[in-house]
Structures are given as structure tokens and as C-alpha cells.
Amino acid sequence: MELQNEKSLNFIEQIIETDLENGKNGNRVLTRFPPEPNGYLHIGHAKSICLNFGLGIKYNGQTNLRFDDTNPVKEDEEYVDSIIEDVKWLGFNWDGEIRYASDYFEQLYQWAVQMIKEGKAYVDDQPSELISQQRGTPQKPGDESPYRNRTIEENLDLFEQMRSGKFQNGERVLRAKVDMASPNMQMRDPVMYRIMHAHHHRTGDQWCIYPMYDYAHGQSDYIENITHSICTLEFENHRPLYNWFLDQVANGDRPQQIEFARLNLNYTVMSKRKLLELVKDNYVNGWDDPRMPTISGLRRRGYTPESIRNFADRIGVAKRDNVIEFGLLEFMVREHLNKIADRVMAVINPLKITLTNYPDGVTEDIELVNNPEDPNSQSRKLPFSKHLFIEQDDFMIDPPKKYFRLSPGSEVRLKGAYIIRCDEYRTDENGKVTELLCTYDPDTRSGAGESRKVKGTLHWVSADHCIDAEVRLYDRLFTHEAPDSDKDHDFKEFLNPNSLQVLANCKLEPGLKEAAIGTKFQFQRIGYFCVDKDSTAEMPVFNRTVTLKDSWSNSTN
RNA sequence: UGACCCAUGGUGUAAUGGUAACACAUCUGAUUUUGGUUCAGACAUUCAAGGUUCGAGUCCUUGUGGGUCAACCA
């Protein structure tokens with residue numbers, strides 16, 4: 001960690017280092033990642049995870065994983081499991097056991113009773129609409145509830161009855177007695193407890209009153225001895241309330257809430273509600289659909305934990321609203337995959353070619369390095385024969401200038417093998433090219449010494465030896481840079497109809513038959529791909545993680 | 001018409017009162033048996049006006065622009 005000294009500190013690190021210099025919190029650093037288990041984690045959470053756990057590591061501290069499970073009707077164990085998996089996969093370890101806000105329900109209740117006794121909380125009998133009206137507006141102060149000055153005894157009794165199930169949902173709430181005239185809306189006697197006769201995924205039917213976020217969160221931080229409670233900007237207005245609740249119970253060290261700007265990525269949506277909508281209404285195939293910005297989606301797409309951590313590091317941490325270009329995420333995964341992914345031959349839109357002067361029935365072994373970027377890389381042998389497949393894009397009848405690939409009469413090298421010339425092409429009734437007849441130059445085999453140069457090098461597979469595979473090409477999920485920014489159009493109107501393209505007739509080099517699920521490859525000249533979980537022994541399925549950078553198609557567009 | 005927060009190249013982030021920099025993107029060129037990688041280069045930045053100071057992106061004031069807040073959500 002010493003090496004990080006060269007790098008400048010973000011504003012949260014500066015706060016922590018100042019605290020450390022001042023001996024605050026007994027020189028401890030304890031952060032927490034507090035997801036609500038009401039959906040799958042997305043790349044925005046990854047930023048928060050990397051921040052919180054990263055701080056724990058950097059300052060020799062720890063980070064807790066705590067589920068903020070105070071709203072049983074929205075939460076589910078499926079989400080708990082997925083969140084645990086995603087945090088682990090990103091490569092982080094939390095301190096001790098997993099925590100749950102629901103573990104603290106009894107303590108929270110006792111503190112609420114104490115607050116009632118001190119005249120700091122009261123039971124309100126009014127329905128939510130009325131309470132809402134009395135709250136006033138940002139410009140106009142609120143009005144006090146007629147129940148605000150009940151006796152402590154009455155409050156105690158009513159709160160006890162709330163807990164014991166005497167009331168229906170919505171009949172009573174417990175409110176903090178703060179200040180109905182505060183210019184900060186959060187301070188206008190916020191609700192602390194509401195009645196919910198609902199089954200909780202951990203506490204079952206033990207409770208029918210549940211604490212609200214503002215009350216539960218800060219107290220949970222305090223219970224866990226959190227030093228720095230990092231959250232996103234929209235909680236900035238809540239900080240005085242966070243501190244007010246702490247004032248009621250805290251002795252000694254207390255957590256400090258610090259807000260940072262959440263991640264926004266263009267061409268996608270990041271709200272859990274909207275992501276849930278895409279899943280529920282089948283606009284995508286589940287939370288881990290490779291087009292989703294969820295961590296599980298990125299994982300299935302072929303992203304590596306390293307690339308996501310590097311991304312989080314690169315985008316930085318600050319307080320100003322930001323929209324990161326999706327291309328940066330793609331850069332990060334290319335950068336990592338370039339180093340670790342073996343290169344393989346894969347023809348995704350096959351075009352048959354026959355080498356008319358190559359002997360029938362002969363197979364040669366072509367040796368290729370698996371990854372030229374990796375000094376320790378092994379090589380493998382590929383079969384080469386008279387009948388081959390190349391990419392349809394690699395042949396044009398009437399090519400533009402500076403087209404380095406095949407066209408009638410032109411020459412290219414087949415990577416690792418020979419230089420070939422296209423003599424003839426055949427088309428079907430629609431004019432589509434169906435086959436090329438080529439001749440090879442036997443003197444140009446790779447590694448056979450001095451040979452003449454050609455501009456283009458193509459990837460290929462032997463038609464007699466290749467395997468069939470399905471390849472799924474993904475494009476951005478939305479056509480709009482900011483799909484949820486348009487007030488007149490629902491974000492789903494900007495869904496990209498071409499975000500998934502399935503190619504069912506792809507031809508791959510034989511060694512790919514046994515590739516394990518999740519294995520990452522570079523399909524030479526095409527992009528990075530990984531083996532999808534839908535693969536079967538008969539039909540492997542590959543997901544395109546990202547294309548290779550392509551300055552040719554960029555310049556022609 | 002309140003409170004709180006924010007403002008640096010196209011994007012994001014630095015510069016901690018002392019030469020405005022790094023990455024991505026874009027564009028050149030070199031290398032290359034991947035139109036990849038690598039290498040070299042180019043482009044382009046302090047919201048405005050006042051003030052403090054020898055010196056301001058940084059501190060102060062005002063303005064402008066943007067964000068957040070009126071769930072028994074988190």
C-alpha cells in the first residue's frame with residue numbers, strides 16, 4: 001500500500017487521513033457496505049464496494065457487509081445470496097460475520113422507548129396523507145401533529161401496543177420529535193417506525209413494526225462502531241437527522257456520514273426499480289443477462305473483477321454529478337483481457353473457401369502461440385486443409401481503397417499458414433457470395449524463412465476439423481445516451497432492438513470444444529468472448545464481451 | 001420562494017495559495033503474420049463579475065448554471 005503515496009487522495013481519503021492524524025476513533029478505520037436486499041447489485045454498487053472495502057484495506061481497517069433489511073415487503077433472500085456472491089467475486093472480504101440491520105431490531109426498539117421517555121418521540125394516530133400535508137413544503141414550515149404532545153405514559157403504552165400487533169397497517173406511527181419548522185424537510189418529525197404485518201426473511205413474524213432507514217441506519221453504524229459511513233449524495237440532507245438520532249444515544253466514538261457522487265454510465269439505466277422492470281417484464285433474460293449493468297450481468301458477459309476494480313479506481317471519487325462514458329468500462333476490460341485471454345481462431349460468419357491447388361485428404365499442423373502478450377504462453381497446433389472457412393467480411397467483390405482483405409485476384413496471408421490468392425468466387429441466386437476458389441503459395445508457409453509480405457492477414461478454420469458453436473453478439477441495451485432523462489418518453493422506448501444478435505452457425509477451432517464455462521478468449525481479429533452457461537456438449541455458446549478496437553471500421557463509417 | 005450540495009479539455013479525475021496535469025475519447029505517424037497490442041505525436045481545460053494577496057482553479061462576496069429534499073422506500 002506504500003506505493004499509493006504517489007497518487008493523490010480523494011476527498012474521503014483526505015478526511016480519513018486527517019482523522020488518523022488527530023487520533024480520532026482510536027485510529028481505527030471501519031467502513032461498511034450496506035445494501036438493501038431488494039435487487040441485484042449493479043456497476044454503481046461496484047463503485048461503492050470498491051470505495052468502502054478499498055478504504056478498509058488502504059488504512060489497515062476493516063469493512064462490514066450489512067444488509068439494510070428494514071422493509072420486508074421488498075426484500076428477499078434471493079437478493080441476499082446474489083449480493084454475497086457479487087461482493088466475493090469482486091474480490092473483497094468483509095470483517096467477521098455478515099451483519100443485518102434486523103439483528104438490531106430489539107436494540108433499536110429499546111432506544112426508541114428511551115427516546116419516548118425523554119420526550120423525543122411520540123406516537124401519531126394520523127394517516128400518512130395527513131402527516132404528509134402537515135409536513136409543509138420546502139418553502140413553508142410544517143404544522144405540528146395534534147398528537148405531538150401526548151403524555152409519555154400514553155406514548156409508551158401505544159408504542160407497546162404497536163409492537164404487540166394491536167393495530168392494523170398504517171394505523172399508527174412512531175415519530176421523532178424534532179422540529180416541524182426546520183428548513184430541512186428531513187427534520188420535520190420524521191417517522192421512525194411503521195406498522196407492517198409482513199413476513200421478514202430473517203425475523204419471520206417476530207415483528208410487525210419496522211424501523212425506517214433514517215432511524216435504523218445511523219444507529220446500526222453506531223452499534224457496529226463504524227467510523228466512516230459513506231453514502232451517496234441524495235442523503236446529504238439527511239445528515240443532520242443522522243446526527244440527531246446519534247445525539248440521542250451515542251457516547252464516545254460515533255460514525256461520520258460522508259456523501260459522494262454515485263456512478264452514472266451513459267447508454268444504460270442504473271436505478272434498481274428500472275432494472276427490476278426490465279427483468280420482470282422480460283425485456284432481458286434475467287438479472288444476469290449479459291446486457292444488464294448488473295455485476296452478475298457483467299460477469300456473465302465476460303468482465304473480470306480486475307477490470308471492474310480498475311474501472312472504479314480510474315473514475316475516481318468526488319461530489320459532483322458525473323456521467324461516465326461506457327467506452328471507459330470497455331477500455332478497462334480490453335486492457336485486462338488483452339493480457340490474459342488466449343487467442344483462438346473463430347469464424348462467426350463463415351464463408352467457404354477451397355484451395356484448388358492443395359492436395360486432397362492432407363492435413364497439416366499449424367503451430368500458433370496462444371497469447372503473444374504473455375511471455376509464458378504455450379502454443380498449440382491447428383489443422384490446416386484444402387477446405388477452409390474465413391469470415392464473410394473478409395471478402396469483397398468490389399473493395400474500397402485500402403481494403404487489405406480478399407477480393408478477386410488479391411492476396412492475403414492466412415494467419416500462421418500460407419499466402420493465398422482469390423481466383424474465383426461463386427454466388428447464389430441473390431448475388432450473395434457462397435464460396436471462394438483460391439490457390440495457395442506453398443513457398444510462403446509461416447516460419448519457413450524469408451517470404452514476401454502481404455498487407456492483410458486473415459483468421460480461418462479448417463472446414464473438416466472445426467466445431468460448430470453459437471455466438472451471441474451484444475450491443476448497448478439502449479440507443480439513447482441517457483434513456484431515463486426524457487420526461488416525455490419512457491426509458492423502455494429507447495431499448496435497442498439489436499442489443500442481442502445470435503449467430504448459430506459459427507465455426508471454431510477444435511480445441512474450443514472442451515472450454516469451461518466462463519473461460520475467456522480473444523477471437524482473433526473479432527473481439528473478446530467467454531463461454532456462456534447455456535453451453536452444452538453438442539453446442540458451445542459464446543458471449544461477446546467486447547469487440548476489439550477497430551480503426552478500420554471506424555474510418556470507413 | 002426555503003435549506004443543503006456542486007461547477008477544471010468532448011468525458012472523468014488531479015493540482016491542498018506558487019509553471020493547470022493524468023486517463024479515456026478523437027486525430028496523425030511508426031511497428032506489427034490480429035486494421036489488435038506497443039510506441040511517438042497532435043487536439044483541447046479553470047462558469048461570470050468583483051475582492052483579498054507579490055501571486056487565486058484554489059480563499060471571500062455576489063451572480064449564473066446544475067443537483068438534492070415535501071414515501072409509513074432505501
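Every chain is numbered from 1, with letters handed out A, B, ... down the list of sequences. Quick note: numbers below take in every heavy atom, side chains included, and nothing from hydrogens, waters or symmetry partners.
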Measuring only the P atom in each nucleotide, how far is G10(B) from G29(B)? A whole number of Å is fine.
24 Å
Provide the distance between the two C1' atoms, one in A23(B) and one in A44(B), to the nearest whole Å.
14 Å
Of the nucleotides A74(B), C73(B), A25(B), which has the atom closest to the Met196(A) side chain?
C73(B)
Under 3.5 Å, is there a donor-acceptor pair between the Asn38(A) and Glu36(A) side chains?
yes
If you draw the axis of the six-membered ring of Tyr122(A), does the NZ or CZ of Arg150(A) fall within 45° of it and under 6.0 Å from the ring centre?
no
Given the P atoms of C22(B) and U61(B), what is the spacing between them in whole Å?
34 Å
How would you label the contact of Lys549(A) with the nucleic acid (heavy atoms, under 4.0 Å): base, sugar-phosphate, or nothing?
sugar-phosphate
Base, sugar-phosphate, or nothing for Gln168(A), non-hydrogen atoms under 4.0 angstrom?
nothing
So what does Phe404(A) hit on the nucleic acid, given a heavy-atom distance under 4.0 Å: a base, only sugar-phosphate, or nothing?
base
Give Ser128(A) one of three labels, base, sugar-phosphate or nothing, depending on what nucleic acid heavy atoms sit under 4.0 Å from its own.
base
I want to check one thing: is the phosphate of C72(B), taken as OP1 and OP2, less than 4.0 Å away from some side-chain N or O of Arg135(A)?
yes
Just call it for Tyr210(A): base, sugar-phosphate, or nothing, with non-hydrogen atoms closer than 4.0 Å on any strand.
nothing
Have a look at Leu233(A) and say if it touches a base, only the backbone sugar-phosphate, or nothing, with a 4.0 Å heavy-atom cut-off.
nothing
With salt bridge (Lys or Arg N to Asp or Glu O under 4.0 Å) as the test, pick out the partner of Glu277(A) among Arg273(A), Lys274(A), Lys280(A).
Arg273(A)
With rounding to whole Å, what would you report as the distance between A71(B) and C6(B) at their P atoms?
25 Å
Atom C1', compared across A15(B) and U58(B): separation rounded to whole Å:
9 Å
Look at all strands and tell whether Val191(A) reaches a base, only sugar-phosphate, or nothing, counting heavy atoms closer than 4.0 Å.
sugar-phosphate
Describe the nucleic acid contact of Arg405(A) in one word from base, sugar-phosphate, nothing, applying a heavy-atom distance below 4.0 Å.
base
Under 4.0 Å between any heavy atoms, over every strand shown, what does Phe311(A) touch: base, sugar-phosphate, or nothing? Just pick one.
nothing
Euclidean distance for C1', U62(B) against A14(B) (whole angstrom)
28 Å
Spacing of the P atoms in C60(B) and A7(B) (rounded, Å):
12 Å
Tell me: NZ of Lys74(A) to C1' of C73(B), nearest whole Å?
4 Å
